[in-house]
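The structure appears right after this line, and notes come after that.
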Amino acid sequence: MAEKQIKSIADMVKHLKKVIDPKRGPAWCRGHADASWTLQPHYDRLKSPVRETELLNKFRQNANLLLTRAPTSPYDFGWMFLMQHYGVPTRLLDWSESPLVALYFVVEDPDPKNLKKDGALWLLFPLELNAYSTKAQVYIPSFEDDWLQNYSVDQYSKEKDNGILPIAAIATRNNPRIQAQLGVFTISHLKKTPMEEIEDGKHCVKLLIPAGSKESLRQELRILGVTRFQVFPELTSIGDNLREELK
């Protein structure tokens with residue numbers, strides 16, 4: 001069956017209204033500039049990854065001096081979020097509760113080669129994913145929840161269970177970026193199956209964004225005020241926006 005296409009914001013709203021059902025719980029969104037990309041975190045896509053504990057220790061060794069306050073989340077998740085924030089490969093996959101934010105990442109990818117590729121807006125129904133992961137109790141845990149101890153850096157490093165599936169979880173929005181992006185996350189374990197291939201895949205929905213529609217969608221997002229500064233509320237974004245206006 002052909003994938004539904006998004007050529008305008010109106011198209012996106014139309015398709016979302018057909019797919020989103022309150023009975024299925026919340027729907028999370030993720031934007032891919034290249035529709036061929038799978039739903040796998042950066043760390044899982046590495047061909048010869050350094051051990052996660054080694055990555056974390058190296059990052060922590062050099063970051064401590066630069067931090068006014070070290071992360072305090074249990075099981076090293078706080079450090080993992082900080083690594084993700086600064087581009088270090090982790091087992092986390094970013095999602096947003098806002099389809100507009102997800103669409104922004106489809107049309108504003110920094111790699112110019114991706115502008116010529118079809119993109120994709122992915123929807124995830126986290127309760128349905130977690131039904132495969134939690135089995136006994138289906139809910140969306142917090143990263144402060146002791147139930148997620150099995151996904152901790154320490155437990156992951158022991159490589160004892162290759163059958164644990166990714167799980168959707170929420171984190172404290174303790175920095176402006178994650179708050180602006182309405183960020184939520186999935187975290188993987190040793191099993192490297194792309195999320196859309198787990199079980200029957202019905203917990204994921206893929207909407208195609210044709211390459212030829214990216215520029216018009218970018219303009220529509222700007223009309224709606226979805227700019228780099230809104231998504232990345234940082235000083236560098238103000239400069240980027242002003243330079244864009246001068247072109």
Side-chain angles (χ1 to χ4, degrees), residues 1-7 9 11-46 84 89-109 114 117-135 137-143 148 151 162-171 178 181-211 213-214 217:
M1 186 172 64
E3 293 166 335
K4 292 182 171 58
Q5 295 191 357
I6 294 175
K7 296 183 178 180
I9 300 293
D11 281 345
M12 182 179 74
V13 173
K14 178 182 69 176
H15 293 315
L16 292 180
K17 286 174 70 175
K18 291 180 180 178
V19 172
I20 294 176
D21 182 349
K23 294 179 181 177
R24 302 180 73 178
W28 294 356
C29 305
R30 177 175 172 84
H32 283 179
D34 184 339
S36 68
W37 294 343
T38 58
L39 292 174
Q40 287 180 292
H42 192 174
Y43 187 81
D44 287 356
R45 289 183 276 112
L46 296 175
Q84 177 86 348
T90 74
R91 290 180 285 123
L92 295 168
L93 195 64
D94 302 89
W95 296 81
S96 174
E97 293 179 310
S98 167
L100 291 174
V101 169
L103 186 61
Y104 173 90
F105 286 102
V106 179
V107 302
E108 294 284 2
D109 189 89
N114 289 332
K117 298 177 181 178
D118 291 345
L121 180 72
W122 281 98
L123 268 69
L124 171 72
F125 292 94
L127 286 176
E128 295 180 9
L129 171 67
N130 288 3
Y132 304 129
S133 305
T134 61
K135 302 297 183 183
Q137 183 179 5
V138 180
Y139 72 114
I140 303 175
S142 162
F143 279 94
L148 278 184
Y151 291 83
N162 194 38
I164 297 179
L165 293 170
I167 191 170
I170 58 174
I178 190 175
Q181 296 176 11
L182 298 180
V184 283
F185 299 88
T186 51
I187 184 169
S188 68
H189 208 274
L190 294 173
K191 198 174 181 67
K192 309 298 184 187
T193 306
M195 207 167 303
E196 67 274 21
E197 296 178 13
I198 294 173
E199 298 290 341
D200 58 12
K202 290 183 179 179
H203 52 282
C204 295
V205 176
K206 184 180 184 181
L207 302 172
L208 190 70
I209 289 90
S213 300
K214 286 185 176 180
L217 282 165

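Since the structure is predicted, the reported quantities are computational estimates derived from the model, not experimental observations. Position 1 is the first residue of the sequence, and the numbers go up from there.
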Kindly check if the number of other-residue, nucleotide or ligand heavy atoms within 6.0 Å of NZ (Lys7) is above 12? no
Do you know which two heavy atoms are closest between [X] and [Y], and how far apart they sit?
| X | Y | answer |
| --- | --- | --- |
| Leu39 | Leu93 | C-CD2, 4.0 Å |
| Leu148 | Ser142 | CD1-O, 3.5 Å |
| Ile170 | Ile140 | CG2-CG2, 4.0 Å |
| Phe125 | Ala27 | CE2-CB, 3.9 Å |
| Leu121 | Met12 | CD2-SD, 3.8 Å |
| Met195 | Pro166 | CE-CB, 4.2 Å |

Quick one: pull up [atom1] in [X] and [atom2] in [Y] and give me the separation to the nearest 0.5 Å.
| X | Y | atom1 | atom2 | result |
| --- | --- | --- | --- | --- |
| His42 | Asp94 | NE2 | CG | 12.0 Å |
| Ile209 | Asp118 | CD1 | CG | 9.0 Å |
| Tyr151 | Leu190 | OH | CG | 10.5 Å |

Decide yes or no for [X] and [Y]: does some side-chain heavy atom of the first lie under 4.5 Å from some side-chain heavy atom of the second?
| X | Y | answer |
| --- | --- | --- |
| Lys191 | Ile164 | no |
| Asp200 | Tyr132 | yes |
| Gln5 | Asp11 | no |
| Leu16 | Leu207 | yes |

Are the side chain of Lys192 and the backbone of Gln40 linked by a donor-acceptor contact shorter than 3.5 Å? no
Regarding Arg24 and Glu128, does a basic nitrogen lie under 4.0 Å from an acidic carboxylate oxygen? yes
Run through Val138, Ile167, Leu124 and flag the one making a side chain to side chain contact (heavy atoms under 4.5 Å, CB included) with Leu129. Leu124
Using side-chain contact (heavy atoms from CB on, under 4.5 Å), reason through Arg30 and Trp37 one step at a time and then give a plain yes or no. CA-CA 11 Å; Arg30 177 175 172 84; Trp37 294 343; over 6 Å; no
